[in-house]
Amino acid sequence: MVRNQTFGTKAAEALLIAALALISFSSLFPIIHNLAISFSSPAKAMAGFVTVFPKEFNLESYKKLFEDSVFFQSFWISVKRVGITCFISFFISLLMAYPLSRSRREFKLRDVYMWLLIFSMMFNGGLIPFYLIIRQMGLMNSFWVLVLPMLVNVFNVILIVNYFRSIPKELDESAAMDGAGPWYKAFRIYMPLSMPVLATTTLFLIVTVWNEFMLGMMFINHEDSIPLQTYMQQIVVRIDPTLIKSIEDVKRLASVSDKTLGAAKIFASMLPIMLVYPFLQRFFISGIMLGSVKE
Amino acid sequence: MIKKFASLIFVVLMVFVSACGNGGNNNNTATNAAEGNKASNTAEGTNTTEPAAEPEVAADPFGKYPELIEFTTIRPTMNNPKFPEGESYEENVFNKFMEEKLNVKPKFVWMAPQDGDAYKKKLDLSIGGNDIPDVFTIVGKSIQEVQATVKRLVEADMIEDLTTVYEQYASPAIKEAYASADNRGLDLYKVDGKLYGIPSQGSLENFNFVWIRDDWRKKLNLAEPKTLEDVEAIAKAFKQNDPAGNGTTIPVAMQMQTETDGLFGPGFIFDQFEAFPRLFYKDASGQVVYGGIQPQIKDSLKVIANLYKEGLIEKDFALKDTGQLQEILASGRAGIVGQAWWGVWYPLFMTLQNVPDADWKPYAIPAKTNGKLNMGAMNTSGSVMVVKKGFKYPELPMKWLNVINENDGTEWWIKTTQEKYKDANEKATVWGGMSIMSTDAIVNQAAEIVAAVNGEKDPASLPFKNNDAYQNIKKFIDELQSQPQAASKNVLQWQNTRSWYDAMGSAAKLETNIVYSAYDGQTPTMEKKLTALNELQMKAYHRIIMGKADADAEFDQFVADWKAQGGDDILKEINEEASK
Amino acid sequence: MRSKWSEQIHFNLMLLPGMILVLLFTIWPMGGIVLAFKHFIPTKGIWGSPWTGWENYSYLFDTPVALRVFKNTVVIALMKIGFGFLIPIVFALMLNELRIQWFKRTVQTIVYLPHFLSWVLLAGILRDFFAVDGIVNQMLGMFGINEIMFLGENFWFRSIIVGSDIWKEFGFGTIIYLAALTGINPSLYEAADIDGATRMQKLRYVTLPGIATTIVLVGTLSLQNVLNAGFDQIFNLYNTLVYDSSDIIDTYVYRAGIEEGHYEVGTAIGLLKSGVSFILIIISYGLASRFANYRIF
């Protein structure tokens, strides 16, 4: 009976592993394909001959990529932007989440704030009023236009609130006995206990900020200060051949349709974000915090 | 719960109202500012007439301003252009040239890539925020879209009426160019009879040619095609002999995903029957009709359906878009494709990179019905230059375009473009390099080049802009006579020959029949229903071609549906507008 | 109790920086929502522009295909929400059961990657994959099944749309649950072990209750997308043959070029989408609070 069960468990686990391996491969395939294109010759890539292995292997596209100063400039701006946004947002979200995780009894205006946030998450006034306000605040062409609107992410705040609510009340109460105020409790008790969710929200924010391109497109007028994804938006765009009006357009089309360089840029722009998760994963170790604090 | 909700809603409203209040204030200030502007504009407006009254600047289309005028504008940019050392969009020889000629200098408020929608989106914001530059170009995916933007600007009183500017300042060459299309281009951007923008205008040269893999045709000892039946026979031979190997040959590469006559589409077959599937045009009686529901369409569809039945077109052609067609063409599997005269410049040259001895050759097949080379022509004025209301020199862009139009064919201009700016093409360096061509410009140019190559015309008399093509073609043809060669040996010579000499040359020799679109705007019913009607049309066409329904019954049903679901209303609206 | 008032003040202070940002960048521009019922004239400003009533909505509702477009949007969005909600939970639980740590981590790192790829790129791959001469049909051919035009038939197309979206996003979706799983108190598992609970029992009585609040929260918030069926994906994959099953509000609006000439129509459609989802979220909040006495937010 016992043996049977372990055998059954083993078999199930083997099956599970096989299934997961298969799924992983399917997830990896597009990236391998893209990588293979980036290492192939443009002629082979354009003809759709490349699947998993590069055809006519060469490094031409990466050589061109390294000559592209705008790419690296915008890359650096994106890194700076993500770093600053995540740093500030970490504290702002934490500060917002703590009072919002209190009950209505403890914090009178709690529901008002909460619904205001949910309302602000769901509705938006459209681009033109947003533009008018950005202009009025003098944020046009400023680096901060890339940061400030991204700082409060309501979804993330709600996630943290939800996690805070699961932390046993006794901890809070015993700290209050020792005379701890809300600021102390937020930073010294709730923050260390919530590393998994804070890591998650930070990851979400990194991903959102890294991929956001509209702010740079709309509010930054100089190519040398746009973030990477705004720049990428310009190159991965599908050029519509039906718009060809003259032979000049045609020649231009022929010169810009470099699929291999595009693939190299896609890969390079994804690389940092692909590495973020494995790095943050160490905050996902289950239960250590709670276990250690629990008396 | 209810109480909580009530208080919540109250707070939300409070915030909202106060926010709106603020917004309102802003906008009030904005409006005030705008009104202030307007007031000063009108003051400036009177000023404008004053300098115009001065004799030195009186209506000289090429007149140089006495002192340097800087005007604000915006510009579309290219993808990663490489400028010569020390030059940029702001500082380059073309801008200097324009400054010397007119004493004017553009200042760019912003630049945005022309591909994708960055330029359009930013322009929308500038318009919505009421801070447009002095002069700018409106671009769009369609004429209707550009028209809508112009209309909105006029409605908001943001742009200048250019009627008199055009009358007084447009150079004779430009006026002639518009006249070659009966001023259709100008008519598009008139509101209540007043002209609000200077439109671009392309030449009408995009006849549908049948491009054939000539190396395959020769290998199979087939004669050059003269009729549609010949083309079908060649396609069948390609199918039987499978020159690409392994059964991968696609005898006729074709896409018809959303458009009936797009790139790589079956346009050459429709032309054979004088059928113009997406055109509103005047029939013999002067009535505006829709091409897509005419009986000729059915005949064309039957031909395509037959190709499909015989397996000459891909089974899933309806799923392919232009990108996938490019892939097929580049891979060297395709035997026949419908494309414009410039097909070798893109993407057919890619075939050569994978199959070095491939050779594409274009054929112009006159229609069985009228013996002519038919073409349905949409209006080619897809972008327009406008002037901000109150700008002191509303004639400036007109002069700018005059000068460019006069000079962009000169030896200096072309040489600088081709040599100094090899990596950043012409459009990347000169602002507002909008072409205003006469409709027969390219056809005439081709006729001249062909005549020179054939020795009917003295090559020395060719204008400089034709030189390059002439030299390349001459070399290609001379060498061809001494020894047969692969096209890829000198791609540039081959491209020039196939496009100018073979395609346009043969078109210039045939009698052409250009059917103009009778209406390029958008009636109210079109705005709401045309997209659905177009879809109805595509669906019926696909069903007929793929043999899913009886051609006659399906087509009749489609025509009835099309008319009932808004088509008749649209035609009525157009005819009413046309008779005004 | 003397600290009660000062605590309230501190709570408000803590919220202040965030709320200022929300007011400035989200609430203030919301005045622009009125454009949904106006004809915008830039020189007159948002408030000075004339009212037009429901005119802006007529571009969407007056077309012969309006009904189909709405139906497709809701059906596709609901399918995506439903499966996109369930599968990450199942997957997170599966990973949680795995004993081999390095394998678990590697799998999780890999499956989240497709989230970062654009639909332009993925659509190209999917089209090759499901083409008439593509790998799927070749495999089916080995079993003697005739080739199927997957992307040209309504039945298959919608399944592919939903399936590929799930495939792209589920890995990213599991992260949230993995984080929630780490919050479960290990002593609960120890206690269950002492009681001799089987793996299934532990899953049922410890793990699931432990992440229940997260599940409810994510499920509720995903209702935001009830009218967002995924423009980028469908736009890059669809064609005339399958409009019947896949043409959604966003693709129709784009194709018809409505937003190009009419800025307000975009606002109007946005308002419609937000309004519907907001109502749904309020309903689910109300249901949870009434029947489970649980406040989601």
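Below, chain A is the first sequence line, B the second, and so on; all start at residue 1.
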Against chain C, label A:M270 side chain, backbone, both or neither, depending on which of its atoms sit under 4.5 Å from a heavy atom there.
side chain

Under 4.5 Å between any side-chain heavy atoms of C:F25 and A:M150, yes or no?
no

Using non-hydrogen atoms only, which part of C:F129 is less than 4.5 Å away from chain A: side chain, backbone, both, or neither?
neither

Would you find a donor on one side and an acceptor on the other, under 3.5 Å apart, between the side chain of C:Q224 and the backbone of A:M122?
no

Output yes when a side-chain donor or acceptor of C:Q8 lies under 3.5 Å from a complementary backbone atom of A:L109, and no otherwise.
no

Mind listing the closest non-hydrogen atom pair of C:P29 and A:F130 along with its distance?
CG-CD1, 3.9 Å

Which atoms of A:N124 approach chain C - backbone, side chain, both or neither, heavy atom under 4.5 Å:
backbone

List the atom of C:I110, the atom of A:S27, and the distance in Å for their closest heavy-atom pair.
O-CB, 3.7 Å

Contact class of A:F29 relative to chain C, heavy atoms under 4.5 angstrom
side chain

Nearest 0.5 Å, please: how far is CD in A:Q281 from CD1 in C:I175?
8.5 Å

Gap between atom CZ of C:R99 and atom CG of A:L16 - 0.5 Å precision:
11.5 Å

So which part of C:F116 gets closer than 4.5 Å to some heavy atom of chain A, the side chain, the backbone, both or neither?
both

What I want to find out is whether A:E13 reaches C:R199 closely enough, with some N-O distance under 4.0 Å, to be called a salt bridge.
yes

Between atom OG of A:S120 and atom CD1 of C:I27, what is the distance when rounded to the nearest 0.5 Å?
5.0 Å

Does any heavy atom of chain A fall under 4.5 Å from the side chain of C:T214, the backbone, both, or neither of them?
both

Strictly under 6.0 Å, is that where the ring centroids of C:F297 and A:W115 end up?
yes

What residue, out of A:V161, A:L148, A:T51, has the most heavy-atom pairs lying under 4.5 Å from chain C?
A:L148

Which heavy-atom pair separates A:T200 from C:A179 by the least distance, and what is that distance?
OG1-CB, 2.9 Å

Angle class for the A:F204/C:F172 ring planes (parallel below 30°, perpendicular above 60°, tilted otherwise)?
tilted

Checking A:L94 against chain C: side chain, backbone, both or neither under 4.5 Å from a heavy atom?
neither

Under 4.5 Å from any heavy atom of chain C, what part of A:L280 do you find: side chain, backbone, both or neither?
neither

Side chain to side chain, C:I176 and A:L159, heavy atoms closer than 4.5 Å:
yes

Would you mind checking which part of A:W183 comes under 4.5 Å of any heavy atom in chain C, side chain (CB onward), backbone (N, CA, C, O), both or neither?
both

Measure distances from A:I92 to the heavy atoms of chain C and classify the residue's part below 4.5 Å as side chain, backbone, both or neither.
side chain

Roughly how far, to the nearest 0.5 Å, is CZ of C:R105 from OH of A:Y277?
8.5 Å

Within the 4.5 Å heavy-atom criterion, are C:M30 and A:F119 side-chain neighbours or not?
yes

Of the backbone (N, CA, C, O) and the side chain (C-beta and beyond), which part of C:Q101 lies under 4.5 Å from a heavy atom of chain A, both, or neither?
neither

Could you walk me through whether A:L116 and C:M19 satisfy the side chain to side chain contact (heavy atoms under 4.5 Å, CB included) test, starting with their C-alpha distance in whole Å, then the side-chain angles of each, then the deciding distance to 0.1 Å, before giving a yes or no?
CA-CA 9 Å; A:L116 192 62; C:M19 290 318 287; 3.6 Å; yes

Any C:I46 side-chain heavy atom under 4.5 Å of A:P129 side chain
yes

A:L20 side chain near C:L98 side chain, heavy-atom distance below 4.5 Å:
yes

Shortest non-hydrogen separation from A:R165 to C:I296 and the atoms involved
NH2-O, 3.2 Å

Less than 4.5 Å apart, any side-chain heavy atom of C:L217 and any of A:I158?
yes

Identify which part of A:S269 has an atom lying under 4.5 Å from any heavy atom of chain C, answering side chain, backbone, both or neither.
neither

Heavy-atom pair count under 4.5 Å with chain C, highest-scoring of A:S24, A:G126, A:A19
A:S24

Begin with the C-alpha distance, continue with both residues' side-chain angles, and end with the deciding distance and a verdict on side chain to side chain contact (heavy atoms under 4.5 Å, CB included) for A:Q136 and C:W28.
CA-CA 12 Å; A:Q136 199 164 15; C:W28 188 9; 3.9 Å; yes

Segment of A:Y98 engaging chain C (4.5 angstrom heavy-atom cut-off):
side chain

Tell me, for C:L221 versus chain A, whether the close heavy atoms (under 4.5 Å) come from the side chain, the backbone, both or neither.
side chain

Structural part of C:Y263 lying under 4.5 Å from a heavy atom of chain A
side chain

Greatest number of non-hydrogen atom pairs under 4.5 angstrom with chain C, of A:V207, A:V157, A:I134, A:N211, falls to A:V207

Can you tell me which residue among A:N34, A:I31, A:I37 is in a side chain to side chain contact (heavy atoms under 4.5 Å, CB included) with C:L121?
A:N34

So how far is it from A:S166 OG to C:I211 CD1, rounded to the nearest 0.5 Å?
12.5 Å

Contact part of C:T26 toward chain A, heavy-atom cut-off under 4.5 Å: side chain, backbone, both or neither?
side chain

Heavy-atom distance under 4.5 Å between the side chains of A:M121 and C:F278, does that happen here?
no

Taken to the nearest 0.5 Å, the spacing of A:S26 OG from C:I125 CD1 works out to 11.0 Å

So which part of C:L16 gets closer than 4.5 Å to some heavy atom of chain A, the side chain, the backbone, both or neither?
neither

A side-chain contact here means heavy atoms from C-beta on lying under 4.5 Å apart; do A:P278 and C:T109 qualify?
yes

